[in-house]
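Below is one structure; the comments refer to it alone.
So you know, we letter chains A, B, ... as the sequences are listed, proteins then strands, and number each from 1. These numbers come from a predicted model, not from an experiment.
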There are 2 protein chains.
Amino acid sequence: MELAEAKLKFIEAWGKLGSEWGINRTMAQVHALLLVSPEALTTEEVMAELSISRGNANMTLRDLIDWGLVEKQHKTGERKEYFYAEKDTWIIARRVAEERKKRELDPVIKILGQLTEVKGDKKDSAYKAFHSSVTDISRLANNVNKTLDTMLKAEENWFFGSIFKIFK
Amino acid sequence: MELAEAKLKFIEAWGKLGSEWGINRTMAQVHALLLVSPEALTTEEVMAELSISRGNANMTLRDLIDWGLVEKQHKTGERKEYFYAEKDTWIIARRVAEERKKRELDPVIKILGQLTEVKGDKKDSAYKAFHSSVTDISRLANNVNKTLDTMLKAEENWFFGSIFKIFK
DNA sequence: TTAAACTTTCAAAAATAAATGAAAGATTAT
DNA sequence: ATAATCTTTCATTTATTTTTGAAAGTTTAA
């Protein structure tokens with residue numbers, strides 16, 4: 001397999017994985033393209049490499065910047081904007097975790113907290129089932145949350161070294 | 001807030017979270033409904049509670065069974081099938097992790113492994129960027145994989161008690 | 001100021017995913 | 001065997017998400 005083919009495979013695989021996890025396929029593909037590009041690329045180049053429209057490229061790049069995965073660069077004497085992807089896998093994982101936590105986990109935890117407080121007849125099996133399911137899920141969600149918080153605070157990349165060692 | 005309203009809120013929140021994570025909204029809602037139901041429900045009841053069609057209810061319930069989150073029950077003297085959701089949050093989390101690992105992570109790890117092997121000119125910065133990104137991501141994916149494997153093997157619910165204690 | 005170079009927006013179109021419901025397929029009771 | 005009851009399928013419809021591309025907006029240079 002040669003480099004060009006391998007790049008395409010990588011972009012395709014990354015796009016598929018993204019779409020299975022609720023991330024726009026194109027966004028994941030643009031990210032993949034930038035990840036394997038040693039130099040920053042222009043909008044034109046992204047458009048050409050992935051055969052997407054200007055509007056799509058622009059919006060996708062903006063989203064990637066919002067996620068903290070890509071940054072704009074300016075070359076002296078040039079008016080075009082260049083886009084460069086953060087290459088440190090650990091930072092990428094953290095940014096994604098951080099963003100999804102904020103957008104999705106936090107709101108759900110809030111609702112679960114409220115639902116945990118709902119009062120009802122303790123003899124009523126419908127109430128009991130509701131309350132215990134919600135309480136359990138709430139507890140799990142809060143634990144995931146705490147774990148993420150600590151992980152997000154960790155400065156270094158402990159994952160590669162340590163986390164799976166705690167399981168024997 | 002009363003029980004009926006709380007149930008709706010829970011079903012809605014669960015559905016939204018599901019859809020943000022690549023799980024069909026209806027599937028997550030049916031799961032939520034069954035989770036807070038002390039008794040197993042029939043297809044008719046699911047249809048009525050969520051205002052969905054027979055076909056949709058049937059396929060969704062079948063999917064939930066495939067994921068190992070719901071089981072069919074038969075009541076003696078009755079011909080109807082009843083559906084009951086596993087209530088143990090820990091088991092639910094494990095089943096979901098297991099299924100997604102199998103469907104999504106495993107295939108990607110395989111491809112990444114292949115791409116790691118791609119040979120090229122070590123002086124070429126395009127090759128260097130490709131190789132190092134792919135290698136890093138591959139390593140992260142393999143670590144996630146190992147962690148999940150161990151987690152899936154763990155019999156008891158260590159998550160609630162131990163995992164986040166390792167971070168100080 | 002004007003024009004060239006580049007970026008952003010957004011209504012409309014296209015692509016994709018999910019839901020419907022009628023019909024076909026099973027299963028059980030009589 | 002056949003009718004009643006219940007389950008499954010799948011071609012069509014509907015809803016949702018994503019993409020397009022032309023027009024409007026911005027910035028810089030002369």
Side-chain angles (χ1 to χ4, degrees), chain A residues 11-12 14-34 39-67 70-84 100 103-104, chain B residues 11-12 14-34 39-67 70-84 100 103-104:
Chain A
I11 289 169
E12 196 190 339
W14 210 235
K16 187 157 176 260
L17 187 66
S19 71
E20 285 162 340
W21 285 87
I23 285 160
N24 181 303
R25 207 184 80 248
T26 304
M27 183 167 153
Q29 288 183 336
V30 171
H31 185 223
L33 172 63
L34 292 176
E39 304 293 334
L41 302 182
T42 62
T43 303
E44 299 285 339
E45 287 168 325
V46 170
M47 287 165 63
E49 291 273 348
L50 301 177
S51 305
I52 61 175
S53 73
R54 183 173 303 285
N56 197 4
N58 182 271
M59 292 182 115
T60 299
L61 286 166
R62 193 148 52 64
D63 284 349
L64 284 168
I65 290 170
D66 288 346
W67 278 70
V70 164
E71 62 176 14
K72 276 189 192 177
Q73 284 186 348
H74 291 278
K75 302 207 174 179
T76 45
E78 289 235 40
R79 269 173 75 180
K80 274 200 282 287
E81 292 177 333
Y82 286 78
F83 299 91
Y84 183 78
R100 299 205 76 155
R103 296 187 192 192
E104 294 145 23
Chain B
I11 289 168
E12 195 190 338
W14 210 233
K16 186 157 176 261
L17 188 65
S19 71
E20 285 162 340
W21 285 87
I23 284 159
N24 181 303
R25 206 183 83 248
T26 304
M27 183 167 152
Q29 288 183 337
V30 171
H31 185 223
L33 172 64
L34 292 175
E39 304 293 335
L41 303 182
T42 63
T43 303
E44 299 285 340
E45 286 167 325
V46 171
M47 286 165 64
E49 291 273 349
L50 301 178
S51 306
I52 61 174
S53 72
R54 183 174 301 285
N56 196 5
N58 181 270
M59 291 183 115
T60 299
L61 286 166
R62 193 148 52 64
D63 284 349
L64 284 167
I65 290 169
D66 288 345
W67 279 69
V70 164
E71 61 176 14
K72 276 189 189 177
Q73 285 187 348
H74 291 277
K75 302 207 174 179
T76 44
E78 289 236 39
R79 270 175 72 179
K80 273 199 283 286
E81 292 177 333
Y82 287 78
F83 298 91
Y84 183 77
R100 299 204 76 155
R103 296 187 192 192
E104 295 145 22

Which residue, A/Met59 or A/Phe83, contacts DNA chain C at a nucleotide closer to its 5' end, judged by nearest heavy atom?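 The residue whose closest nucleotide sits nearer the 5' end is A/Phe83.
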Select from A/Arg25 and A/Tyr82 the residue whose nearest nucleotide in DNA chain C is closer to the 5' end of that strand.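 Whichever sits nearer the 5' end wins; that is A/Tyr82.
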Distance in angstrom units between [X] [atom1] and [N] [atom2], rounded:
{"X": "B/Lys80", "N": "D/dC6", "atom1": "NZ", "atom2": "P", "value": "5 Å"}
{"X": "B/Met27", "N": "C/dA18", "atom1": "CE", "atom2": "C1'", "value": "13 Å"}
{"X": "A/Asp63", "N": "C/dT9", "atom1": "CG", "atom2": "P", "value": "11 Å"}
{"X": "B/Gln73", "N": "D/dT7", "atom1": "CD", "atom2": "P", "value": "14 Å"}
{"X": "A/Leu41", "N": "C/dT7", "atom1": "CG", "atom2": "P", "value": "13 Å"}
{"X": "A/Leu61", "N": "C/dT9", "atom1": "CG", "atom2": "P", "value": "13 Å"}
{"X": "B/Glu44", "N": "C/dG21", "atom1": "CD", "atom2": "P", "value": "14 Å"}
{"X": "A/His74", "N": "D/dT26", "atom1": "NE2", "atom2": "P", "value": "17 Å"}

Give a yes/no on whether any side-chain N or O of [X] is located under 4.0 angstrom from OP1 or OP2 of [N].
{"X": "A/Asn58", "N": "C/dT7", "result": "no"}
{"X": "A/Arg79", "N": "D/dT26", "result": "no"}
{"X": "A/Arg62", "N": "C/dT9", "result": "yes"}

Selected nucleotide, minimal atom distance to [X] side chain, candidates [options]:
{"X": "B/Ser53", "options": "C/dG21, D/dT7, C/dT8", "value": "C/dG21"}
{"X": "A/Thr26", "options": "C/dT9, C/dC6, D/dT18", "value": "D/dT18"}
{"X": "A/Asn24", "options": "D/dT19, D/dT8, D/dC6", "value": "D/dT19"}
{"X": "B/Lys72", "options": "D/dT8, D/dG21, C/dC6", "value": "D/dT8"}

For DNA chain D, whose closest nucleotide is more 5', that of A/Ile23 or that of A/Arg54?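 So the residue in question is A/Ile23.
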Atom pair OG1/OH of A/Thr43 and A/Tyr82 - distance to nearest 0.5 Å: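 Atom-to-atom, A/Thr43:OG1 and A/Tyr82:OH are 10.5 Å apart.
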With rounding to the nearest 0.5 angstrom, report the CH2 to CZ distance, A/Trp21 to B/Arg100. 4.0 Å
Heavy atoms, side chains only, cut-off 4.5 Å: are B/Asp63 and B/Val30 in contact?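 Heavy-atom side-chain distance check fails, nothing below 4.5 Å.
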Please name the pair of heavy atoms, one in B/Gly15 and one in B/Arg25, separated by the smallest distance, quoted to 0.1 Å. O-CG, 3.3 Å
Taking B/Glu45 for the side chain and B/Thr42 for the main chain, is one N or O donor matched with an acceptor at less than 3.5 Å? yes
